[in-house]
Structure formats: C-alpha cells, structure tokens
Amino acid sequence: MQQFLRRHPAVQAWLLLSPGGLFLSVFFIAPLFIVLIYSFLQRGTYGGVVWQFTFENFRRVFDPLYFNTFLRSAYIAILTTFFCLLLGYPLAYFIASRSPRTRSLMLLALMIPFWTNFLIRTYAWLTLLRTNTGLINTALLSLGVIAAPLPLFGNDFAIIVGLVYGWLPVMVLPIYAALDRLDPSLIEAARDLYASSAQVFRRVIWPLSLPGVVAGSMLVFIPALGSFVTPAILGGGKSLMIGNIISNQFLAAHDWPFGSALSMLMMTLMLLGTLYYFRSTLKAEADA
Amino acid sequence: MKRLIILTSLALALAACTQPTPAPAPPPAPAPGPVEPAKEIVMYNWTEYIDPEIYGQFEEATGIRVIEDNFSNNEEMLAKLQGGAAGYAVTVPSDYTVSIMIEEGLLAKLDHANIPNLSNLAERFTQTPYDPGNVYCVPYMWGTTGIGYDTAVMDAPESWAVIFEPDPASPAYGRATMLDDTREAFAAALSYLGYDINTTDEAQLQEAKEALIRARAGLAGYDSDTYEDLIAAGENVMAHGWNGDFLLAQEENENVGFAMPQEGGVVWVDNLCIPASATPEQKAAGEILINYLLDPEVAAQNSGFIYYASPNAAAEAFLDEEFLSDPTVYPPAELLDRLQYLRPVGEVESLYQRLWDEVKSAD
C-alpha cells in the first residue's frame, strides 16, 4: 500500500484531500445545489416547494420593488466601504509605522471587539443611538448643544454606522499587511529624488498598498451588501436591505423558491465581481 | 497572502448570501406499547411567555428538565418546523397557524388519556373553530391585539386613526411602533378601514397597504419583541401590540396602558401543541408538560405572571379578583363581539406578503 502510494503521488494527494473535499461537498456544495434547484421550483402555499419547473422566480427578481431594494443595498454597502476605507487606511498606516511591540498590541486591540458576537455589538449601538433615550442624544440635549433629538436611529445613517463599526477591522488588516510589507528603502529613494510627502504617498505608498485596499474593500462590501441583522435592529425594521428580503422569504413569506432565486442572483453578481478582481490582479502581477 | 485574501472573500461572499435549506425530517415511527417519557425536552415558545419558575417546579414534580427555545412570530416557527427542525416537544402556535400546521401535517394528535387536566378548560376553548375537540392542541393563553401607550403622555387611543393618521403635533409622532408581523399589521389597517381582517379582496388589501405606508411617517420602526419595554423606558409613547405584554411592562413603569380601538381588531388564542417530528419519548414528556400547565394552580400562577388571560376555567379560583375584572385582560362582552380571529388566507397569503414588502420598502 505504502509503495503504491509512493509510486502514485496523485492518488496520495487525492486521499489527503478527501476529508476536506467530502466536508465541502456535503456541507457546502450540496446545500448550494439545493438552493439552485429550489430557485427553479414553485412555492408551496405555506412553505416548502412544489416540484414544478418555472422561471417565474427569476423574473420576479427584476421586479422594481426587489430590484430597487437591491440597488439601495448596493448604495449602503458602497458608502459603508467608503467610510471604512476613510477610517481604516490612516489607522492601518498609523499601526504599520509603530514599533513591532506596539503594533501587535494595537492589532490585538482592533480585533478584540471583533470577537464579540455581532448581534451584541449591534445592540450596544442601540443604547447609544436611540432617538429619545440614547446616550448621544440625552448627553447633547442636557448640555444644551441641541434643542431636539437628532434623528440617529431607524434610518440609513444608523445602518451605515453599525456596518462601518462592524466591518472596520477587516478593512484595516489587509491594508496593514500591504503597508507592512512595503520596503522603506523605496520611500527613502523617492525622498532622495526630492519627492514631497504628498508625492511619496500618491506615487509610491498608495499604489503599493492598493492590493490591500482592494482586498479590504471586497471584504467589507460583500458582507455589508448581504447584511440583514444591522438593518433590522439599527434601521428599526423601517428600511429593508436585500438580506432582509431574502430572510423574509424563508421566515415570513413562506416563499422558499423566490428566496433561493434572490440568493442565486446575489451569489452570481458577487462571484462575477470576485472573478473580475481575481483576473485583473493576476494580469497586474503578470505585467509587473 | 493575496490568494488567501481572495479565497476568504469568496467564501465570505458565498456565506453572506447562502440561506440554510435543511431537508425534511423523516416521520418518527409509531411507538410500540407504553413509552418512557424523555428526561429532557425543548419547549419552542414565544419570548417572555411563561413564568420561568414553572420549569423548576415541573422538574421537581416530574424529573423532566425543560429547555426553552424562542421565536418571535408564527411564520418563523412554522418555517423552522417545515424546514425539518426536530427535537421540539411542545410549541405554541396561534389559532390561524394551528390550521396551517394541521393541514401541513406538522402536528401530532394528542393522547387525551395523558392529559386529564383538559377538563379544566372553559367550554368555548374546547370547541375552537381551528381545532374542535382539542385533537391537536390545547389553548394556552388568549388575548387581543391593540394599542399600548404611555398614560402620562397621551390619552387612551380610541381609534386606529392614532396610527393611520399620523399627526406631527401628537406626542406619539415618530415615537410609535407597529408589530413586525404581516397579518397583524394588515389586520390593524383593515380594522381601521372597516374591512374584514381576513379579506382576500385585492382592492381592500391595496387600500390597507396605502394606509400602512401613510402610517410610516409616525413610526419609529417595526418591532414585535421589545415594543413594551421601549414604552416603559420612555423611548416610545405608543405601540401596536399584544395586551399582556403591556400589562407585564406595568411592573417596570405604571404609566404603561393598553386600549382596544373602537373599530375592533384581533382576538387570538395561542395553543400548546406537539410537533409531528417529536419522538414518542418527547411526545410523552410533552403531554406531561401540557397536562402540568393545565393544572388550575399552575395555570393561575402562569397567567398572573405573564398577564395573559387563561382559557382555564378552573384556574379562575386561584386568580385574584383584580386580575379577573381587568377589562384589558378580559375584554367586556360587547368588545369581544367586535374582535375576530385571524384565519389562514391560502393562496392570497403571497399577495399579503408582497404588499407587506412594499410597505416595508416604502420611502
């Protein structure tokens, strides 16, 4: 047996891969396949599916009601990504320029809140943002800064605050990794060639950290687009994102096929985006 | 590193949009002869819907430990059981959901020999329209859906207009919530418009949808779980919700009140049932629990704790006079005439859901 394996490295590799492969097929590929099949079936009146083939679910996906929600979700996810980048880049730069010891402490401090359950962190924001009894409004009102409570809760603002807070660490980490690998001698070289600080940043640091920026942006954008807990809690249930529509199809509307079709559409769009990114970075690497 | 990042983002992308789709569970085989009741069972219940001390007392009396899992609306519970979730010995669907669950084969028939306390039920709860003869379920609590409010800030709402005609001058403007529950929200709008709360007429439903969209201007949000606490805490002033929840919140803040609008609305009964997916051992233990909850003293203790009216006639001897005469717990007869049960609407349900999505997505 051992000799057989030694002589056939391909078989050995397949054997080594099989536990992981089996796990993925049973718990990932098979469920995904069920979602795909369900998306072409008809709904049962009170949930479940009726085994009758139809394209109707995919036609409904482009119904303005649902498609607009999709666009709105994309808009919220883009703003979330933008603000994460705006806050995350300077933070990553700051951390990367500290001494190794301080760096690891700061990274740890960044990650600790991330280990807390997302739901609990979102509820924590509720106590800050609530319109009439939230800490921010009560403090500002009692200090006389404002005369009426600010609309901090139950709107897109609250959703974006919650999402930016929740996903900031995954923006910072890849950017930090990219900046950390940046060769300081390149910056010295630029300075020796009389580049101003702005020029050094624009022409050396920024382009070299770009892979981290793109990776971080994708890591933020994708979960933000599919989020449904944050809009349900901080949005007060008043403004829906596509994640809420999907979860409602299963948990409230008894329409599993339509929920599956919406999921498939989202997956396809994200897959296309990821593939595009994958190919363009491969091309960039080949060019470099 | 970069590859890793790409792969992680890909995995996250897929995880972010994959919904669980469990396969249906096989039906349990019928038990041969008497079965030994399970020593530990799970009760799938609404939040804050039982006196938690009862679990300890029950374990002491029977040796069966009860673990509780929660849902926040009927549809969520139904979806989970339809998805094949097994292991629940007892669940608590409302009237119209009982009809659906019977039709879908999700409920087990009760063995009345194991539930002698069934005789304690008031007569009208033994012949309910959704399950005459208590074949599948035993009424647990009943109540009404109306409007809770902060009595220190506003007068008792007399009409659903306080919700459907939002007035910027009202103290409740922007400080009100509605139930995040399709049928309840439409029932409120249909009552306001003077239509049948179980209507299947599309024009009436469209009109109800318009009313629900108009109401949004005055709402802080949709909430089925914490609305009464938010009034007690002073965050909100008014909420569409279930009567007992507001009465329970009076313990925190005595200014929480409840009123049933004159147009009428929903009366409901929540029922103890055993899912068809329960094993014979779980079912036997579940029936012991149901029987225990029907004990007059236990039922009175439970009602007195969660502030909902008990369908248990024998329990009334153990409830104090003040509770029994409270019109918000036990609505007077002339009001009861204006209240209706929600009933399943069949195929029209998808129209309800579609219109509700429009309400929830309106700007």
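In what follows, every chain begins at residue 1, and chains take the letters A, B, ... in the order their sequences are listed. Only a predicted model underlies this, so the values are computations on that prediction, with no experimental measurement involved.
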For ring pair (Phe, Tyr, Trp, His ring centres under 6.0 Å), just list the numbers for A:Phe58 and A:Phe40, CA-CA rounded to whole Å, side-chain angles, deciding distance to a tenth of an Å, and then say yes or no.
CA-CA 8 Å; A:Phe58 286 95; A:Phe40 289 105; 5.0 Å; yes
Quick one, B:Arg343 with B:Asp95, criterion salt bridge (Lys or Arg N to Asp or Glu O under 4.0 Å). Give me CA distance, side-chain angles, the key distance, then yes/no.
CA-CA 8 Å; B:Arg343 288 191 310 272; B:Asp95 34 66; over 6 Å; no
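Listed for the B:Asn73 side chain is a donor-acceptor partner under 3.5 Å among the backbone atoms of B:Glu75. Distance alone, capped at 3.5 Å, places no donor-acceptor pair between the A:Arg130 side chain and the A:Asn137 backbone. At least one donor-acceptor pair under 3.5 Å links the side chain of B:Asn198 to the backbone N or O of B:Tyr341. Looking at A:Asn68, its side chain does come within 3.5 Å of a backbone N or O of A:Pro64 through a donor-acceptor pair.
Residue B:Asp150 holds its CG atom at 6.0 Å from CG of B:Asn253, rounded to the nearest 0.5 Å.
Note on ring orientation: taking the six-membered ring where Trp is involved, the planes of B:Tyr44 and B:Tyr88 are parallel (angle under 30°, cut-offs 30° and 60°). Ring geometry for A:Phe23 versus A:Phe27: interplanar angle of 30 to 60°, hence tilted.
Using modelled atom types, one finds no donor on one side chain facing an acceptor on the other under 3.5 Å when comparing A:Trp256 with B:Gln82.
At least one test fails for B:Arg214 against the ring of B:Phe164: distance under 6.0 Å to the centre or angle within 45° of the axis. Remark: B:Arg183 is positioned above the aromatic ring of B:Tyr96, its terminal NZ or CZ atom under 6.0 angstrom from the ring centre and at most 45 degrees off the axis.
Heavy atoms of A:Asp63 lying under 4.5 Å from chain B belong exclusively to its side chain. Looking at A:Tyr66, only its side chain comes within 4.5 Å of chain B, counting heavy atoms on both sides. Only the side chain of A:Asn248 comes within contact range of chain B, with at least one heavy atom under 4.5 Å from a heavy atom of that chain. Neither the backbone nor the side chain of A:Phe221 comes within less than 4.5 Å of any heavy atom of chain B. For B:Val345, the part lying near chain A is the backbone, with the side chain staying farther off; criterion is any non-hydrogen pair under 4.5 Å. Heavy-atom distances place the side chain of A:Thr69, and not its backbone, under 4.5 Å from chain B.
Of all residues spanning residues 347-355 of chain B, those with a heavy atom less than 4.5 Å away from chain A's heavy atoms are B:Glu347, B:Glu349, B:Ser350, B:Gln353, B:Arg354, arranged by number. Heavy-atom neighbours of chain A within the stretch residues 168-176 of chain B, taken at a separation under 4.5 angstrom, comprise B:Arg175. Proximity to chain A at a heavy-atom threshold of 4.5 Å picks out B:Gly221, B:Tyr222, B:Leu230 from residues 221-232 of chain B, in numerical order.
We find that B:Asp69 and B:Lys80 are joined by a salt bridge, their nearest charged nitrogen and carboxylate oxygen being less than 4.0 Å apart. Under 4.0 Å is where a charged nitrogen must lie from a carboxylate oxygen, and between A:Asp255 and A:Arg60 at least one such pair does.
Using a 4.5 Å cut-off on side-chain heavy atoms (C-beta onward), A:Leu41 and A:Gln52 make no contact.
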If you look only at distance, which donor and acceptor atoms sit under 3.5 Å apart when one is on a side chain in residues 264-273 of chain A and the other is two or more places apart or in another chain?
from, atom 1, to, atom 2, distance (Å)
A:Thr268, OG1, A:Met264, O, 2.6

